[in-house]
Undergrad: 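Shown below is the structure under consideration.
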Amino acid sequence: MTPYARRGVHGQTVEALARRILGGEIPEGATLDLVALQSELDVSLTALRESLKVLAAKGMVDARQKRGTFVRARADWNLLDADVLRWQFESDRTTEADQALLHNLAEVRSIIEPAAVRLAAERRTDDDLTALDAALDAMAEPDGDAAHAVEADLAFHRALLAATHNELLERMEMVIETGLAHRDRIVHSSPHSEDPVPAHRAVLDAVRAKDPRAAEAAMRALLDQAGRDLDRIGGSDDTERHPGQ
């Protein structure tokens with residue numbers, strides 16, 4: 001069950017509206033028929049309006065006199081919001097914009113994570129190493145399923161950001177994790193991906209050795225491998241179009 005869906009009727013209404021917008025069923029610029037939506041979703045007008053307030057706060061909808069409530073242009077959406085990212089990747093319809101966003105997130109990772117791991121190598125504590133070791137051990141478990149592999153990978157990258165001891169970098173996890181989780185679900189469900197453990201172990205070894213340069217090189221190698229996995233699964237050899245996935 002998704003995070004908002006756990007919050008009862010209000011949360012389920014937020015999820016339903018977001019999926020319709022992200023899936024293109026309610027396009028950009030469309031004015032919402034609140035009476036029809038209330039009937040379709042079988043919710044009160046109050047619950048519907050409260051749900052629209054959530055989407056308005058994320059830049060997805062707005063309300064104006066004489067026009068009513070409408071879907072804002074994609075350029076106005078808060079694409080760095082963890083829910084907006086998740087909703088987009090969980091949409092039933094994969095659009096060109098969705099693919100572009102995945103590639104954009106890969107580029108963000110290729111900028112942030114190599115720099116972050118340099119700081120992690122300089123600042124890591126014994127507790128950080130313990131968290132990284134635990135995540136790597138979980139990744140290496142031979143009988144884990146795809147969901148387990150995804151969570152272990154997320155835990156590793158989360159621990160790396162935490163090891164920077166930079167509060168703002170740590171908050172980048174909500175952006176990196178959403179794209180990483182989507183990529184991992186694709187890759188770990190395929191028999192054609194490379195074993196991710198050695199590449200992650202190389203990063204951890206460099207962080208443990210407090211070698212920033214080696215840590216950055218290992219992270220870049222890890223991201224390159226991730227990109228190859230996606231390209232292989234997607235039947236594309238155009239790795240230049242998808243750097244650092």
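None of these values were measured; they are calculated from a predicted model. Positions are given from 1, in the same order as the sequence printed here.
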Undergrad: Does this structure show an ion pair linking Glu50 with Lys53, if we count only N-O contacts that are shorter than 4.0 Å?
TA: yes
Undergrad: Is Glu28 salt-bridged to Arg74, cutoff N-O under 4.0 Å?
TA: no
Undergrad: Please determine which of Glu216, Met219, Arg123 meets the side chain to side chain contact (heavy atoms under 4.5 Å, CB included) test together with Arg118.
TA: Glu216
Undergrad: Among Leu129, Leu160, Leu119, whose side chain to side chain contact (heavy atoms under 4.5 Å, CB included) with Arg124 holds?
TA: Leu129
Undergrad: Taking Thr164 for the side chain and Ala116 for the main chain, is one N or O donor matched with an acceptor at less than 3.5 Å?
TA: no
Undergrad: For the pair Asp128 (side chain) and Thr125 (backbone), establish whether a donor and an acceptor sit closer than 3.5 Å, ignoring hydrogens and angles.
TA: yes
Undergrad: Whether Arg20 and Glu15 form a salt bridge (side-chain N of Lys/Arg under 4.0 Å from carboxylate O of Asp/Glu) is what I want to check.
TA: no
Undergrad: Show the nearest heavy-atom pair for residues Gly59 and Arg72, with the distance to one decimal.
TA: O-CD, 3.4 Å
Undergrad: Keeping Gln225 on the side-chain end and Asp195 on the backbone end, is there a donor-acceptor pair under 3.5 Å?
TA: yes
Undergrad: Under a 3.5 Å distance rule, please check whether Arg67 uses its side chain to pair with a backbone N or O of Thr31 as donor and acceptor.
TA: no
Undergrad: For His157 and Glu113, test the side chains for any donor-to-acceptor distance below 3.5 angstrom and give the result as yes or no.
TA: yes
Undergrad: Just how far is it from atom CG of Leu22 to atom CZ of Arg86, taken to the nearest 0.5 Å?
TA: 10.0 Å
Undergrad: Does Arg158 CZ have over 12 foreign heavy atoms under 6.0 Å away?
TA: yes
